Number of protein chains: 2
Amino acid sequence: MLRVSRLTDYATVVMTCIAAHPADVLSTAQIADEAHLELPTVSKLLKTLGHAGLVESFRGVNGGYRLARDAHDISLAQIVEAMEGPIGMTECSVAEGQCEREARCNVRGSWRQVNSVLSGALRSVSLADMLPAASVAVPERPAAS
Amino acid sequence: MLRVSRLTDYATVVMTCIAAHPADVLSTAQIADEAHLELPTVSKLLKTLGHAGLVESFRGVNGGYRLARDAHDISLAQIVEAMEGPIGMTECSVAEGQCEREARCNVRGSWRQVNSVLSGALRSVSLADMLPAASVAVPERPAAS
DNA sequence: TCAAATCAGTACCATTTTGGTCTGGTATCG
DNA sequence: CGATACCAGACCAAAATGGTACTGATTTGA
């Protein structure tokens, strides 16, 4: 079915949740609640996203996560690569020497061409583009504490 | 990492092998030999490709397979769809109502956008384009650099 | 008409990937 | 010091994937 893994999909949702509160440090529990995902799952996602340098973490009481840089400077491609590694539609798009047909393979060039179109599309979408347009105004749910 | 299944990759190889002999009916054994793949695997591929109407089969002695239409009229997208079903990068790109977030999901639109770019790229490559350059003059070669 | 060649369909199994949970550890704040 | 909250890793169950085997149906040709 040619799709990204479910975790990658979740990662985009989690990232938009964090991006919707640019000023705050959100705990994993808050993010899980907002994204409607299980807490351990969100925890694992954030760990991976942190390793990739897309979010930064703060430990201890009142700790949590925050975007590592502005939402305009984070692309969908970076999120996908953080979760799944280098983008490649076939084995041989990513690394050389995977199959012995490589030298005389007619198919490989076409796949690489499709691949570059895809990664271009992923690079062209930023996290800011994925936010609801309304978020420039007041969010629908003001933090009732 | 965001790739088509290995069988889909094999399917493109098998299709180019068949396309390289436009006049002949090739047996599964011949195709397997030429593609350097196992015979039962090729058999399964061809059955699926046949159901999708991309190749036609002939039974009995001297039977085998042949392209159902000209190589220029078969796109990479059709091969992928034959093997993997509708092209969609996320669950919700393909069908509605998969997740309860759908109504207010900010992420979905961006995925659908990426998706349409990808399927456009797959549609733009024909089986004829994937053959060795001998018999085909590639119309446009967008310089990928 | 019989036998060989060849595709058709189904069922099955082994491996890998994926998604998710749990446990213990460490840092920070009050 | 202790409560909170992130960190790291192992671990497990379920699903998808790739491959194999077996049986049946159809056509050709001797």
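The model shown is predicted, which means the values in this text are computed figures rather than measured ones. So that the names make sense, note that chain A is the first sequence line, chain B the second, and so on, each numbered from 1.
- Counting non-hydrogen atoms of neighbouring residues, nucleotides and ligands closer than 6.0 angstrom, the CD atom of B/Glu56 exceeds 12 such neighbours.
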- Task: Just do the side chain to side chain donor-acceptor pair (under 3.5 Å) check on B/Glu34 and B/His21 with the steps written out, would you?
- Result: CA-CA 11 Å; B/Glu34 195 155 335; B/His21 305 270; 3.0 Å; yes
- Message: Pairs counted only when both distances fall under 3.5 Å, Watson-Crick or G-U: show me the 5' to 3' dot-bracket for DNA chain D, [ ] for pseudoknotted crossings and | for other-strand partners.
- Response: ||||||||||||||||||||||||||||||
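- Between the C1' atom of C/dC7 and the CD1 atom of B/Ile31 lies a distance of 11 Å, rounded to the nearest Å.
- Surrounding NE2 of A/His72 are at most 12 heavy atoms belonging to other residues, nucleotides or ligands under 6.0 Å away.
- Taking only side-chain nitrogens and oxygens, A/His51 comes nearer than 4.0 Å to OP1 or OP2 of D/dA8.
- A heavy-atom distance below 4.5 Å is found between the side chains of A/Ile18 and A/Leu46.
- A donor-acceptor pair under 3.5 Å is absent between the side-chain atoms of A/Thr41 and the main chain of A/Leu37, judged by distance alone.
- As rounded to whole Å, 18 Å separates atom P of C/dT6 from atom CD of B/Glu56.
- When side chains are defined from C-beta on, B/Met83 does not count as touching B/Val4, because their heavy atoms never get closer than 4.5 Å.
- As a whole-Å value, the separation of B/Lys47 NZ from C/dT6 C1' is 14 Å.
- For A/Ser5, no side-chain nitrogen or oxygen approaches OP1 or OP2 of C/dT17 to under 4.0 Å.
- A/Leu76 places a side-chain heavy atom less than 4.5 Å from the side chain of A/Met130.
- In this model, the phosphate group of D/dC7 is not approached by any side-chain N or O of A/Ser43 to a distance below 4.0 Å at OP1 or OP2.
- Environment of CG in A/Asn62: sparse, with no more than 12 heavy atoms of neighbouring residues, nucleotides or ligands closer than 6.0 Å.
- Not a single donor-acceptor pair under 3.5 Å links the side chain of B/Glu84 to the backbone N or O of B/Thr8.
- In this structure, the CG atom of A/Leu37 is 16 Å from the C1' atom of C/dT18, given to the nearest Å.
- With side-chain heavy atoms closer than 4.5 Å counting as contact, directly or through intermediates, the hydrophobic cluster containing B/Phe58 also holds B/Val25.
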Can I get a per-line list of side-chain donor-acceptor pairs under 3.5 Å for residues 117-126 of chain B, giving both atom names and the distance, sequence neighbours left out?
from, atom 1, to, atom 2, distance (Å)
B/Ser119, OG, B/Ser116, O, 3.4
B/Ser124, OG, B/Ala121, O, 2.9
B/Ser126, OG, B/Ala128, N, 3.2
B/Ser126, OG, B/Asp129, N, 3.3
B/Ser126, OG, B/Asp129, OD2, 3.4

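- Scanning residues 14-28 of chain B for heavy-atom distances under 4.0 Å to DNA chain D yields an empty list.
- Here the P atom of nucleotide D/dT17 and the CG atom of B/Asp9 are 14 Å apart, to the nearest Å.
- Side-chain atoms of A/Asp9 do not come within 3.5 Å of backbone N or O of B/Thr90 as any donor-acceptor pair.
- Within the model, atoms CD of A/Gln30 and CG of A/Leu39 stand 11.0 Å from one another, a figure rounded to the nearest 0.5 Å.
- In this structure, B/Leu49 places its CG atom 12 Å from P of C/dA8, rounding to the nearest Å.
- Checked by atom type and distance alone, the side chain of B/Glu81 never pairs as donor or acceptor with a backbone atom of B/Gln78 at under 3.5 Å.
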- Take nucleotides 20-30 of chain C nucleotide by nucleotide from the 5' end and write B, S or -, depending on whether a protein heavy atom sits under 4.0 Å from the base, only from the sugar-phosphate, or from neither. BB---BBBBS-
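- Here the C1' atom of nucleotide D/dA8 and the CG atom of A/Leu45 are 16 Å apart, to the nearest Å.
- If you measure from atom CG of B/Leu46 to atom P of C/dG9, you get 13 Å, rounded to the nearest angstrom.
- For DNA chain D, none of the residues of residues 63-71 of chain B falls under the heavy-atom distance limit of 4.0 Å.
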